[in-house]
Amino acid sequence: MFRAPRGTDDILPQDQPYWRLIEQTAEAVCRRFGNQRIRTPLFEDSALFIRGVGTGTDIVEKEMYTFDDRGGDSLTLLPEGTASVCRAYLEHGMANLPQPVRLFYFTPIFRYERPQAGRYRQHHQFGVEALGDADPSTDAEVIELGWRFLADLGLRDLTLYVNSIGDHRCRPAFVEALKAYYLPRQEALCQDCRGRLHRAPLRLLDCKVPSCQALAQQAPHTLDHLCDDCTQHWQRLEGYLKRLEIPHTVDHRLVRGLDYYTRTVFEVKPQAEGSQVTILAGGRYDGLMEELGGKPTPGVGFGSGIERMVLNLKLQETQPPDPLPRPVVVVALGEQARVEGISLASRLRQNGLAAVVAPGSRSLKAQLRYASALNARYALILGDRELEKGVVVVRDMDKAEQREVEAAGVEEMVGGGG
RNA sequence: GUGGGCGUGGCCUAGUGGUUAGGGCGGCUGGCUGUGGCCCAGCAGAUCGAGGGUUCGAAUCCCUUCGCCCACCCCA
């Protein structure tokens, strides 16, 4: 027996209402904010991600699905969404459009990691990017978009965490300050953190080991080490968020895993305790375009995990609307009637109704049972008698009433019930 | 990569060494020779994840392996 590969999932019909709700909500919010949809390929030149995401990151070091195609090119399944969108921006000269260019996308994301609750090797993200504007009002706009999206979805008890991690000018000094703080305290760090001290010092701040958390509490704050421009950017952003009445918590220990972030970073988590719970996260990435070979172009955006939103909707017992129409089921007795039944169903569908033909070679009883199981509004019964008289028996499955109707008049009879 | 839990028909599950592995849901058929939902009956469907071992005898005990889940790492 074949099974879906580890860490992948079939999204079955019963879950589609959740997905539809999320996608429709996202699209509606984007429309209101003036963001347009973009679809990029599922794989890209491997170098795009190596350059964009950063060579030191776990994603690049051990999580990418990379392969050589038959022409010898190294390709990689998207491990995140932003790099592709930036590539498209540069490739299509979007710098010539009014800035910022506001985009959104839905895409599968592939990362080779051990699956667990809320984490998959293939998951799906709704992402938003605003490209070409460095002003903090754009950060605020993107955060507002994400916040409205989650609110419209009906997710409750969410917390928005924000922080600024500075830019290429002030971050090096902060990292030095951080090291200066931690070096004399190495003894107290967990094994992982001793390694981080040299490889990824910022990550010391969000270690979950209690002893490390205690140290992180006292560690230098990024906000105290920002350069003037970054400070001003941060203060203006906070002002906008307050004016927009978007509740947020400043989290000094919020850093992000991808190298390209500058200044603003943010994350949204539900109250529920757990680890794989971030449902939306993003930030500003002013150096990314240049890194990808384009002219320096600022950008800010976020990604949100659709599976995690489905998870949370289910946890809080939100019932998504399920607009499945109740079908009309055609019940045919005998081959002659079947031919007519198939054509009758076809006519109904062309008139916009949902119509299915019950499986043949079954008794009337069994076909009606089938209609019942499909939650049919009407059963249309066709047998030799009806064929002779040129009628169809229309059975109302809810009222358990039925009557003969001229074959030509069936649509009207049944039209309102779909 | 590391640690823990769990693997019995499509789904849920009983069964902790002893005759043909039991039940529920779901599926199909029948209970009217042209009438559903309830009820009743029947049928199909499991080499008890796989391999090896212990034993007169293994779903049950031991070993190995694979898979799933959860957690760490990291992330949406």
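Note that these values count all heavy atoms, side chains included, but never hydrogens, waters or copies made by symmetry. Lettering follows sequence order; numbering is per chain, from 1.
Not a single donor-acceptor pair, N or O on each side, falls under 3.5 Å between the base of B:U35 and the side chain of A:Arg369. For B:G36, the base has a donor-acceptor partner in the side chain of A:Ser372 [N/O atoms by modelled type, under 3.5 angstrom]. Interface remark: the A:Gln402 side chain does form a donor-acceptor pair with the B:U35 base, using a distance-only criterion of under 3.5 Å. Below the 3.5 angstrom threshold, one finds a donor paired with an acceptor across the side chain of A:Arg395 and the base of B:G36.
Nucleotides of RNA chain B nearest to A:Asp206 and A:Asp396 differ in position, and the one nearer the 5' end is that of A:Asp396.
A donor-acceptor pair under 3.5 Å is formed between the side chain of A:Arg326 and the backbone N or O of A:Asn375.
If you take OH of A:Tyr370 and C1' of B:C28, they are 13 Å apart, rounded to a whole angstrom. Distance CG (A:Leu254) to C1' (B:A76): 14 Å, rounded to an integer number of Å. We find that CG of A:Asp10 is positioned 16 Å from C1' of B:C11, with the value rounded to whole Å. The separation between A:Phe104 atom CZ and B:A76 atom P is 20 Å, rounded to whole Å. If you measure from atom CG of A:Asn375 to atom P of B:G36, you get 17 Å, rounded to the nearest angstrom. Rounded to whole angstrom, the span from the CD atom of A:Gln14 across to the P atom of B:C11 amounts to 12 Å. The interatomic distance linking A:Arg114 (CZ) with B:C72 (P) rounds to 13 Å, in whole Å. For the pair A:Asp9 CG and B:C68 P, the computed distance is 11 Å after rounding to whole Å.
Within 4.0 Å (heavy atoms only), A:Ala400 reaches at least one base atom of the nucleic acid. Residue-level contact check: A:Leu258 touches the backbone only, with heavy atoms under 4.0 Å from sugar-phosphate atoms and none from bases. Across all strands, A:Gln122 comes closer than 4.0 Å to no nucleic acid atom at all (heavy-atom distances). When heavy atoms are screened at a 4.0 angstrom cut-off, A:Phe302 is found touching no nucleic acid atom at all. Counting any heavy atom pair closer than 4.0 Å across all strands shown, A:Thr57 reaches no nucleic acid atom. Using a 4.0 Å heavy-atom criterion, one finds that A:Ala371 contacts no nucleic acid atom at all. Counting any heavy atom pair closer than 4.0 Å across all strands shown, A:Arg385 reaches a base atom.
Straight-line distance between the P atoms of B:G5 and B:G9: roughly 22 Å, to the nearest whole Å. Here, B:G22 and B:G15 have their C1' atoms 8 Å apart, quoted to the whole Å. Between B:U20 and B:C48, the two P atoms lie 14 Å apart (nearest whole Å). To the nearest whole angstrom, the two C1' atoms, one in B:A58 and one in B:A71, are 33 Å apart. Between the C1' atoms of B:C25 and B:G45, the separation comes to 14 Å (whole Å). Using atom C1' as the reference point in both B:G30 and B:A14, the two lie 29 Å apart (nearest Å). Distance check on atom C1': B:C28 versus B:A44 gives 7 Å, rounded to whole Å. When the C1' atom is used for both B:A59 and B:U13, the distance is 14 Å, rounded to whole Å.
Comparing B:A76, B:G34, B:A71 by their nearest atom to the side chain of A:Glu386 picks out B:G34. Out of B:G36, B:G67, B:U2, the shortest distance to the side chain of A:Arg6 is found at B:G67. Side chain of A:Leu368, nearest nucleotide from B:C74, B:A76, B:G36: B:G36. Closest to the side chain of A:Glu63, out of B:C74, B:A76, B:U35, is B:C74. When distances run from any side-chain atom of A:Pro115 to the nucleotides B:G34, B:A76, B:C69, the shortest one goes to B:C69. For A:Arg196, the listed nucleotide lying nearest its side chain is B:C74; candidates were B:U35, B:C74, B:A76.
Base-pair partner of B:A59: not found among the strands shown (Watson-Crick or G-U wobble, both distances under 3.5 Å). The nucleotide B:C43 finds its pairing partner in B:G27, both defining distances of the Watson-Crick or G-U wobble pair being shorter than 3.5 Å. With both pairing distances under 3.5 Å, B:G37 is matched to nothing as a Watson-Crick or G-U wobble pair. B:U2 and B:A71 make up a base pair, with Watson-Crick or G-U wobble contacts both under 3.5 Å. The partner of B:U65, taking Watson-Crick or G-U wobble pairs whose two distances both stay under 3.5 Å, is B:G49. For B:A14, there is no paired nucleotide, since no Watson-Crick or G-U wobble pair has both relevant distances below 3.5 Å.
Note on ring orientation: taking the six-membered ring where Trp is involved, the planes of A:His221 and A:His252 are parallel (angle under 30°, cut-offs 30° and 60°).
Judged by the 6.0 Å distance and 45° axis criteria, A:Arg121 is positioned over the aromatic ring of A:Tyr112.
Residues A:Gln125 and A:Ser304 bring no donor and acceptor atom of their side chains to less than 3.5 Å of each other.
Contact annotation: A:Lys365 does not reach the phosphate of B:U35 (side-chain N/O to OP1 or OP2, under 4.0 Å). An OP1 or OP2 oxygen of B:C70 is reached within less than 4.0 angstrom by no side-chain nitrogen or oxygen of A:Gln116. When the side-chain nitrogen and oxygen atoms of A:Arg362 are compared with OP1 and OP2 of B:U29, one or more of them lie within a distance under 4.0 Å.
Centroid-to-centroid, the aromatic rings of A:Trp147 and A:His248 stay 6.0 Å apart or farther.
Counting heavy atoms from C-beta outward, A:Phe266 and A:Leu280 have side chains that approach closer than 4.5 Å.
A side-chain hydrogen bond (donor to acceptor under 3.5 Å, both in side chains) with A:Tyr105 is found for exactly one of A:Gln36, A:Glu129, A:Arg39, namely A:Glu129.
Taking the salt bridge (Lys or Arg N to Asp or Glu O under 4.0 Å) definition, one finds that A:Lys314 meets it with A:Asp15, sequence neighbours left out.
The shortest non-hydrogen separation linking A:Ser74 to A:Thr66 is OG-CG2, 3.4 Å.
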